[in-house]
Structures are given as C-alpha cells and as structure tokens.
Amino acid sequence: KPASKVPAFLHVVDIAGLVKGAHEGQGLGNAFLSHIKACDALFHVSRVFEDEDVTHVEGDVNPVRDLDIILEELRLKDEEYLQARFASLEKTVIRGGDKKGKPEYDDLMKIYKLLSEEKRHARFSEWNVREIETLNKHLLITAKPIIYLINMSEKDYIRKKNKWLVKIKEWVDKNDPGASIIPFSGEYEMKLLDMPDDERAAYVEKSKVPSALGKIITTGYKALNLEYFFTCGKDEVKAWTITKGSKAPQAAGKIHTDFEKGFIMAEVQKYSDFRELGSEAEVKAAGKYRQQGRNYVVEDGDIIFFKFNAGEIGRA
C-alpha cells in the first residue's frame, strides 16, 4: 500500500467528426486531417444509437455508410498529399538527376499506386525496412492502425444488442481485417463518471456490464505496440510505458538516462506471480524472482528492481 500510485496513461485527442468532401475542404476539412496526421493511431467512433436530439450530418444513422465515407476521405487525403510531393520530387529527382532522392521517390510511387490504383490503405500491404522509414517520414494517415469504437445507447449496451453490430463486423472483416471492434456507450460512461465510487460500483453491479474504458485504453496500447512495467517501493508504485520488445537497459533509461548508462542488472517478478502469491517474499520463495541481464526483453506487466552503477548502486 504505497503512498502514491502513478498509472500508465494513453494520450487521446478528441478530433471533431469528418464529413464527405473533407479532403476538398468540406466541414473542418484540411484542419481536421492535419490533426489526424499528428496522431499515431486512430480511435474511429461510429454512432449506432438513435436520438432525435443528436442530429447526424448525413440525416440518418447508418454506420456502414459512415465508415465507407471516412475511410475514403482518408485515402483521398493521402493521395492528394503524395501528388503534391511528386510535383516537388520530380523537379529534383527526375529532371534534376538527384540520385540520393531516388529511393524515396520510388517508395512513394509504390505507395501511391496502392492508394490510387488499388484504392487500398497503406497499412494493408507488406513493406520493407526502407519503405517503412519512408512511410514514417511522411506520416500517411492510411498507414495508422484504426480501432473501431461502436457508440451505443446505454440500453443497447447493457442488453448487448443493436441491429448494426453484425453489419459493422462484416464491414470491418472485409475492409480492415484483424482490426479491433469495441462496443461501448458514451451515455453509460458519462453516467459512471459523474457518480461517487460506491454508487458507481453498485450501478455497474446492477447493470451487469463493466465500463469499456479499460479495454479501450489497453487496446490502444497494443495498437501502438506499447506495453508497461512497474517500479515499486514504500513511497510509490509507478507504471512506465515502453515500446514492445525493449530490453532491460532501455526500460531503465525511461526512468533516468543514468540507469541505462550504468545498468548492471534487473531483478524481475511477473505481476501475475505477485498477484497470485501475495508478496515479493513469496515470489522469491517460489523461485520466480529472477535476475536478468542486458539482453532481457521486458514483458508487459513486469515488476522490476533495477541495479545500476553511477557512482553508487540505487533502486528505481
């Protein structure tokens, strides 16, 4: 029971809805699309609830139509962006003979053909290391992973039924295979948010459905290829965010650069073992508390005690 708990967090930016013709400046247009380019992944909120007091820009609720419109607008925006890049690169690479810029030009041409001829998003193809670097440099919207959040009425969310759910699943399977779909209710979540803790717990128990926020955040982490580890002591337990596949010294460096430079070892216990056995002493007694070196790949939920040499050995 530490004095302080610092959880992991996911920074989510609320961006206003996209409308048909946005790539040509309709609605918030280019301002909206530039905001998307700055993000690493997208939560695509799709409305399936009926409410006369909440108007829909297309006049009626049809999430499958909305999905088609939005993904097409994103594709068209990337296509438009690449056309502008080609106009610039052709001056230097094709007419100017810039051999250094030729690989990037070739990569962008391959991506452009996928977008304009095959009408597919950039994330739906296999790319080599150089092509991935080009994609990362240009922040193409269609290269970003999408998680589909289905916003239901509280009533439908509690009873776990809505006429659009199967149709949306079919659409995602066809157009974005493997993407995550998470039903939730903004109405239900807002109601829980406004309640005191005891009242919230009682309401969730009565409704027999939990908040979806935890699942949304966890899925967002996975989409960004992120995970977290814990450091703990009497004063504080803290979750640290790292890229999946990070080794122990890089994880230590998230706390302080000196920890990475002077890394000696990581003493690791799994959260699942700690939870099951109840204490660090019991984890050690069970032989599940391990010392790991520089090549240890940190796993999601590890509890780590770092030892480093920076004039003295310290504890994270």
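Keep in mind that this is a model prediction, so the values were computed, not measured. Because only heavy atoms are used, hydrogens play no part in the values below, and waters and symmetry mates are left out as well, while side chains stay in.
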Item to check | Closest contact, heavy atoms only, Thr243 versus Ser246 | outcome: O-OG, 2.6 Å
Checklist entry - If you round to the nearest 0.5 Å, how far is CD1 of Ile146 from CG of Leu74? => result 6.0 Å
Next on the checklist: Quick one: does any side-chain atom of Arg47 pair with a main-chain N or O of Asn151 as donor and acceptor, under 3.5 Å?
Outcome noted: no
Item to check | Residues Glu90, Tyr105; criterion side chain to side chain contact (heavy atoms under 4.5 Å, CB included); working and verdict | outcome: CA-CA 8 Å; Glu90 282 175 359; Tyr105 179 87; 3.6 Å; yes
Checklist outcome for this item: Heavy-atom closest pair (Ile36 atom, Lys144 atom, distance to 0.1 Å) is O-CE, 3.4 Å
Next on the checklist: With heavy-atom distances below 4.5 Å as the criterion, would you say the side chains of Lys288 and Gln269 are in contact?
Outcome noted: no
Item to check | Heavy-atom pair of closest approach, residues Val48 and Asn162 | outcome: O-ND2, 3.4 Å
Checklist entry - Do Phe124 and Leu114 touch side chain to side chain, with heavy atoms closer than 4.5 Å? => result no
Checklist entry - Which pair of non-hydrogen atoms, one from Ala239 and one from Pro7, has the smallest distance, and what is that distance? => result CB-C, 3.9 Å
Next on the checklist: Counting C-beta onward and ignoring hydrogens, is there a side-chain heavy-atom pair between Tyr148 and Asp176 closer than 4.5 Å?
Outcome noted: yes
Checklist entry - Counting distance only, does the side-chain N/O of Thr92 pair as donor-acceptor with the main-chain N or O of Leu89 below 3.5 Å? => result yes
Checklist entry - Where the side chain of Arg200 meets the backbone of Leu192, is there a donor-acceptor pair that is under 3.5 Å apart? => result yes
Checklist entry - Does the distance from a Lys or Arg side-chain N to an Asp or Glu carboxylate O, for Lys167 and Glu170, drop under 4.0 Å? => result no
Next on the checklist: Test your reading of the model: is there a side-chain donor-acceptor pair from Glu131 to the backbone of Asn128, 3.5 Å cut-off?
Outcome noted: yes
Next on the checklist: When you measure from the side chain of Ser180 to the backbone of Ile147, do you find a donor-acceptor pair of N or O atoms at a distance under 3.5 Å?
Outcome noted: no
Item to check | Approximate separation, where rounding is to 0.5 Å, of Glu299 CD and Ser272 OG | outcome: 9.5 Å
Checklist entry - Is there a donor-acceptor contact under 3.5 Å from the side chain of Asn62 to the main chain of Arg65? => result yes
Item to check | Salt-bridge contact Glu133-Lys137 (side-chain N to carboxylate O under 4.0 Å) | outcome: no
Checklist entry - Are any of the side-chain heavy atoms of Phe49 and Val61 separated by less than 4.5 Å? => result no
Checklist entry - Within a radius of less than 6.0 Å around OH of Tyr228, do more than 12 heavy atoms belonging to other residues, nucleotides or ligands occur? => result no
Item to check | side chain to side chain donor-acceptor pair (under 3.5 Å) contacts in which one or both residues fall within residues 209-226, not counting sequence neighbours | outcome: Glu189-Ser211, Tyr221-Thr241
Item to check | SB check Asp156 Arg159 (cutoff 4.0 Å) | outcome: yes
Checklist entry - Would you find a donor on one side and an acceptor on the other, under 3.5 Å apart, between the side chain of Arg294 and the backbone of Pro249? => result no
Checklist entry - Below 4.0 angstrom, N of the basic side chain to O of the carboxylate: do Lys102 and Asp106 qualify? => result yes
Item to check | Heavy-atom side-chain proximity of Ile158 to Lys208 below 4.5 angstrom | outcome: no
Next on the checklist: So, taking the atom named NZ in Lys244 and the one named CG in Leu224, what distance separates them when rounded to the nearest 0.5 Å?
Outcome noted: 10.5 Å
Checklist entry - Counting N and O atoms only, with roles assigned by atom type, does the side chain of Tyr203 sit under 3.5 Å from a partner on the main chain of Met195, one being a donor and the other an acceptor? => result no
Checklist entry - Any side-chain heavy-atom pair from Asp302 and Phe230 closer than 4.5 angstrom? => result no
Next on the checklist: Using a strict threshold of under 4.0 Å (side-chain N to carboxylate O), is an ion pair present between Arg130 and Asp107?
Outcome noted: yes
Item to check | Sub-4.5 Å side-chain heavy-atom contact between Leu67 and His44 | outcome: yes
Next on the checklist: Nearest 0.5 Å, please: how far is NE2 in His138 from CD in Glu104?
Outcome noted: 3.5 Å
Checklist entry - With no hydrogens and no angle check, do the side chains of Trp171 and Asp68 hold a donor and an acceptor under 3.5 Å apart? => result yes
Checklist entry - Centre of Tyr81's six-membered ring, under 6.0 Å away, within 45 degrees of the axis: is that where NZ or CZ of Lys37 sits? => result yes
Checklist outcome for this item: Separation between NZ (Lys284) and CG (Leu277), nearest 0.5 Å, reads 13.5 Å
Checklist entry - If you round to the nearest 0.5 Å, how far is CZ of Arg85 from CG of Asp78? => result 13.5 Å
Checklist entry - Is Arg120 salt-bridged to Glu118, cutoff N-O under 4.0 Å? => result yes
Checklist entry - Just wondering, do Trp127 and Lys110 contact through their side chains at under 4.5 Å, heavy atoms? => result yes
Checklist outcome for this item: Looking only at heavy atoms, the pair that brings Pro183 and Met152 closest together is CB-SD, 3.6 Å
Checklist entry - Aromatic rings Tyr157 and Tyr188: how do their planes relate, parallel, tilted or perpendicular, breaks at 30° and 60°? => result tilted
